[in-house]
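Heavy-atom basis, side chains included; hydrogens, waters and symmetry copies ignored. Proteins come first, then strands; the chains are lettered A, B, ... in the order of their sequence lines, and each starts at number 1.
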2 protein chains.
Amino acid sequence: MSKAADTRMMILQKSFELIYRKGYQSTSIDEIIATTQVTKGAFFYHFKTKDDMGLSLINEVLYPGMYNVMIKPLEEAKDPVKAIYKVMENLLNDFVFFNPDYGCPAINLIEEMSPMNPVFKKALAKLVKQWQNAIVAALNKGQADHIFTSTFVPEEVAMVVISGYGGVRNIGKALGKSSYKTYLRGLKTYLINL
Amino acid sequence: MSKAADTRMMILQKSFELIYRKGYQSTSIDEIIATTQVTKGAFFYHFKTKDDMGLSLINEVLYPGMYNVMIKPLEEAKDPVKAIYKVMENLLNDFVFFNPDYGCPAINLIEEMSPMNPVFKKALAKLVKQWQNAIVAALNKGQADHIFTSTFVPEEVAMVVISGYGGVRNIGKALGKSSYKTYLRGLKTYLINL
DNA sequence: GACATAACATACTAATTGGTATGTTGGCAA
DNA sequence: TTGCCAACATACCAATTAGTATGTTATGTC
């Protein structure tokens, strides 16, 4: 990677951390260049506007990161129930970078930026849809393998699951990490009874 | 109500609408006084700071409004399954003031303000806890009446339900109102199978 | 009707915002 | 070695921010 590309990626990474904790609009460019030790000239050389940086951040940092944790494990899954639960447990408990106080960076951006910027909205909707599709595919495979005792509509179960994730990330901001534990137990019971 | 109290409440109401659509930090006092036709002097006569106004808004507008829709119907409920579903359907479909693009004002505030201001966090956590308690109480009553076929932990089911709500409000911002319908069908199946 | 205070109105400020204009420098091709 | 451009650096700017200082006016009380 060239030095310029290094600088660019470093700006994106540090911005990602700041925005995760403070929100997109409350993170100023001045603060970003202060923590990155990069000058304003350098910042605007690499990114046309703040929103250009934000969108690059979604596509080049957030998206690949989330894809690896939320979607890839489901594509390779044998038992969809175990796989879905494992992904959720991994997301909620194992990621040390994710703090209950600050929630999930993807959920935060959807919450804050979807109503403000249609380009952000589209990029974030893509991420959600991919997760949804991966869960539906895993459930479909499970139904084909006859591992479920009840009949259900995979799209509806997927929506309950991804909503549960987004919601518990929200609740966790108010009530703390204990919400995660309670939710995970409830999710496990739900999935087992499918 | 005195004229001064009228002015105060009008500021809170209009601020509530603006903040619902734009977020708390992105709604400036200048914008609030422009839409309310109230001068800056009047604003700062009624509220010490912006955060003082925000907290008043939570306690005097958001809290009573949400209480009536989310909690009261559950306290009077006979069939908890029907009551919980009805509350959710009412929240997601019937409130014309609530727009899928802008989500839920309470969820939005938790998302944005819980990490920024511990006073906001506390006031919002109270609202969540009350809803949680109301759902748990309704489920407990249902278990005492032996209307459920499965055994479950009410706290866990309540957490799945309130997380589902918060999450689908988030997903809805990215994917639109159709998410609500899919979620509600999934929720119904979940509740019926309890 | 005098007076006090509540309820505003106006004009300002210092700090912060995203963005720009105009530099400078380092490395590589010819 | 020279020339050129990518990759920065510095200095600025107009707009917006929450908040304040200092007014004026309405209203109730005696």
Fill in the blank from the handout: Expected list for residues 10-24 of chain A near DNA chain C, using heavy atoms below 4.0 Å, is none

Exercise for the section: Give the C-alpha distance, both sets of side-chain angles, the deciding distance and a yes or no for side-chain contact (heavy atoms from CB on, under 4.5 Å) between A:Asn170 and B:Arg169. Expected result: CA-CA 10 Å; A:Asn170 183 268; B:Arg169 282 295 193 193; over 6 Å; no

Completion exercise
Residues passing the side chain to side chain donor-acceptor pair (under 3.5 Å) test with B:Gln143, sequence neighbours excluded, are none

Exercise for the section: Determine which pairs satisfy salt bridge (Lys or Arg N to Asp or Glu O under 4.0 Å) with at least one residue from residues 133-146 of chain A, sequence neighbours left out, and list them in order. Expected result: A:Lys141-A:Asp145

Practice task
Could you list all the salt bridge (Lys or Arg N to Asp or Glu O under 4.0 Å) pairs where at least one residue sits in residues 172-181 of chain B, not counting sequence neighbours?
Solution key: A:Glu111-B:Lys173

Practice task
At under 4.0 Å between heavy atoms, which parts of nucleotides 6-17 of chain C does protein reach? Answer with one letter per nucleotide, 5' to 3': B base, S sugar-phosphate only, - none.
Solution key: SBBBB------B

Problem - Listed partners of A:Lys122 passing side chain to side chain contact (heavy atoms under 4.5 Å, CB included), at least two apart - result: none

Completion exercise
In 5'-to-3' order, the base (B), backbone-only (S) or no-contact (-) status of each nucleotide in nucleotides 22-29 of chain C, using a 4.0 angstrom heavy-atom cut-off, is --------

Fill in the blank from the handout: In short, salt bridge (Lys or Arg N to Asp or Glu O under 4.0 Å) pairs touching residues 65-88 of chain B with sequence neighbours left out are B:Lys86-B:Glu89

Fill in the blank from the handout: Residues pairing under side-chain hydrogen bond (donor to acceptor under 3.5 Å, both in side chains) where one sits in residues 184-194 of chain B, two or more places apart or in two chains, turn out to be A:Glu156-B:Arg185

Problem - Ring centroid separation A:Phe43 to A:Phe47 under 6.0 Å - result: yes

Practice task
For A:Phe43 and D:dA11, give me the distance from atom CZ to atom C1', rounded to whole Å.
Solution key: 18 Å

Fill in the blank from the handout: Applied to residues 48-62 of chain A, the side-chain hydrogen bond (donor to acceptor under 3.5 Å, both in side chains) test, sequence neighbours excluded, yields A:Arg8-A:Glu60, A:Tyr24-A:Asp51, A:Asp51-A:Asn117

Exercise for the section: Could you name each residue pair satisfying ring-ring contact (aromatic ring centres under 6.0 Å, His included) that touches residues 138-179 of chain A, not counting sequence neighbours? Expected result: A:Trp131-A:Tyr165, A:Phe148-A:Phe152

Problem - Nucleotide D:dC8, atom P - distance to CZ of A:Phe47 in whole Å - result: 11 Å

Problem - B:Ile32 CD1 - D:dG19 P separation (whole Å) - result: 11 Å

Practice task
Please list all pairs passing the salt bridge (Lys or Arg N to Asp or Glu O under 4.0 Å) test where one or both residues lie in residues 11-26 of chain A, with sequence neighbours left out.
Solution key: A:Lys22-A:Glu31

Problem - Interatomic distance, B:Lys48 NZ vs D:dG19 P [rounded to whole Å] - result: 11 Å

Problem - Rounded distance in Å - CE (B:Met53) to C1' (D:dG19) - result: 14 Å

